[in-house]
**Student:** 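If you scroll down you'll find the structure; I have some questions about it.
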Amino acid sequence: MNVFDGPISNFDAKSSCITTATKFQNLSQLSSGSFTSKWNFGDDSTSVEYSTEYYYRKAGRFKASLKVVSNNGCMDSISTYVDCFPLPN
């Protein structure tokens, strides 16, 4: 039986205004091997890039999540809220 270390998902995202890209930085770790990433931005949009930028189409608070899956099939995920602010008047 083989036992593999699983990935530890983590990311950083800064709140932004509606016309500015929100930058999602993948900070996930895996001691050995590789992993794939899947982002969910909380508004039915997704990405499979390692780190990415995203433009929200409307202002609001969104529950963004990152799921990472290792080459051995181990998985971890994390979620946090990201704010997208309206443009100032």
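Note that the structure is a prediction, hence the values are computed from the model and not measured.
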**Student:** When rounded to the nearest 0.5 angstrom, what distance separates CG in L87 from OG1 in T20?
**Tutor:**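 The CG atom of L87 sits 7.5 Å away from the OG1 atom of T20.
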
**Student:** Apply salt bridge (charged side-chain N to carboxylate O under 4.0 Å, His left out) to D43 and list each qualifying residue two or more places apart in sequence or on a separate chain.
**Tutor:**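 If we apply the salt bridge (charged side-chain N to carboxylate O under 4.0 Å, His left out) test to D43, skipping adjacent residues, there are no hits.
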
**Student:** For a quick test of reading the model, state the closest non-hydrogen atom pair linking S28 to V68 and the distance between them.
**Tutor:**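 Taking every non-hydrogen atom into account, OG-CG1, 3.6 Å.
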
**Student:** Is V69 reachable from I78 through a run of hydrophobic residues whose side-chain heavy atoms are each under 4.5 Å from the next?
**Tutor:**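 They do not share one cluster, since no chain of ILVMFWY contacts under 4.5 Å joins I78 to V69.
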
**Student:** Do any pairs count as a side-chain hydrogen bond (donor to acceptor under 3.5 Å, both in side chains) and have a residue in residues 65-76, sequence neighbours left out, and if so which ones?
**Tutor:**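 Residue pairs passing side-chain hydrogen bond (donor to acceptor under 3.5 Å, both in side chains), neighbours aside: S9-D76.
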
**Student:** State which residues pass side-chain hydrogen bond (donor to acceptor under 3.5 Å, both in side chains) with T52; sequence neighbours excluded, sorted by chain then number.
**Tutor:**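 So T52 forms no side-chain hydrogen bond (donor to acceptor under 3.5 Å, both in side chains) with any residue.
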
**Student:** Can you tell me how far OG of S16 sits from CZ of F85, rounded to the nearest 0.5 angstrom?
**Tutor:**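 OG of S16 is found 8.5 Å from CZ of F85.
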
**Student:** What are the two closest heavy atoms between P86 and C17, and how far apart are they?
**Tutor:**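 Smallest interatomic distance, heavy atoms only, reads O-SG, 4.3 Å.
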
**Student:** Is it the case that over 12 heavy atoms from other parts of the model lie below 6.0 angstrom from the OH atom of Y81?
**Tutor:**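 No, not enclosed.
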
**Student:** Can you name the ring-ring contact (aromatic ring centres under 6.0 Å, His included) partners of F41, sequence neighbours left out?
**Tutor:**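 Applying ring-ring contact (aromatic ring centres under 6.0 Å, His included) to F41 gives F24, Y54.
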
**Student:** List the residues meeting salt bridge (charged side-chain N to carboxylate O under 4.0 Å, His left out) with K38, not counting sequence neighbours, and say none if there are none.
**Tutor:**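 If we apply the salt bridge (charged side-chain N to carboxylate O under 4.0 Å, His left out) test to K38, skipping adjacent residues, there are no hits.
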
**Student:** Of all heavy-atom pairs between D83 and R61, which one has the smallest distance, and what is that distance?
**Tutor:**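 For D83 versus R61, the nearest heavy atoms are OD1-NE, 2.8 Å.
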
**Student:** About how many Å separate CZ of F11 and OG1 of T80, when rounded to the nearest 0.5 Å?
**Tutor:**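 The OG1 atom of T80 sits 5.5 Å away from the CZ atom of F11.
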
**Student:** List for me each residue that meets salt bridge (charged side-chain N to carboxylate O under 4.0 Å, His left out) alongside D5, sequence neighbours excluded, and say none if there are none.
**Tutor:**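 Testing D5 for salt bridge (charged side-chain N to carboxylate O under 4.0 Å, His left out), a comparison that skips the adjacent residues, returns none.
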
**Student:** Just jot down the side chain to side chain contact (heavy atoms under 4.5 Å, CB included) partners of A21, sequence neighbours excluded, or say none.
**Tutor:**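 By the side chain to side chain contact (heavy atoms under 4.5 Å, CB included) rule, A21 matches E53, Y55.
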
**Student:** If I take atom OH from residue Y56 and atom SG from residue C84, how far apart are they, to the nearest 0.5 angstrom?
**Tutor:**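 So the gap between those two atoms works out to 7.5 Å.
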
**Student:** E49: what forms a salt bridge (charged side-chain N to carboxylate O under 4.0 Å, His left out) with it, not counting sequence neighbours?
**Tutor:**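 So E49 forms no salt bridge (charged side-chain N to carboxylate O under 4.0 Å, His left out) with any residue.
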
**Student:** Holding to side chain to side chain contact (heavy atoms under 4.5 Å, CB included), I want the full list of residues that pass it with Y50, two or more places apart in sequence or in another chain.
**Tutor:**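 Only N26, F35, S37 meet the side chain to side chain contact (heavy atoms under 4.5 Å, CB included) criterion with Y50.
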
**Student:** Taking salt bridge (Lys or Arg N to Asp or Glu O under 4.0 Å) as the cut-off, I'd like each qualifying pair that reaches into residues 7-20, sequence neighbours left out, listed once.
**Tutor:**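 Applying salt bridge (Lys or Arg N to Asp or Glu O under 4.0 Å) to every pair that reaches into residues 7-20, excluding sequence neighbours, yields D12-K14.
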
**Student:** Check step by step if side chain to side chain contact (heavy atoms under 4.5 Å, CB included) holds for V48 and W39.
**Tutor:** CA-CA 6 Å; V48 294; W39 297 92; over 6 Å; no

**Student:** Residues in side-chain hydrogen bond (donor to acceptor under 3.5 Å, both in side chains) with K23, at least two apart?
**Tutor:**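 side-chain hydrogen bond (donor to acceptor under 3.5 Å, both in side chains) check on K23 returns nothing, list empty.
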
**Student:** Rounded to the nearest 0.5 Å, what separation is found between the CG atom of L27 and the OG atom of S51?
**Tutor:**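 If we round to the nearest 0.5 Å, L27:CG and S51:OG are 7.0 Å apart.
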
**Student:** Only counting residues at least two apart or in another chain, list the ones meeting side-chain hydrogen bond (donor to acceptor under 3.5 Å, both in side chains) with N10.
**Tutor:**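 Per chain and number, N10 pairs via side-chain hydrogen bond (donor to acceptor under 3.5 Å, both in side chains) with no residue.
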
**Student:** Got more than 12 heavy atoms from elsewhere within 6.0 Å of CD1, I8?
**Tutor:**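 Counting other residues, nucleotides and ligands, CD1 of I8 stays at 12 neighbours or fewer.
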
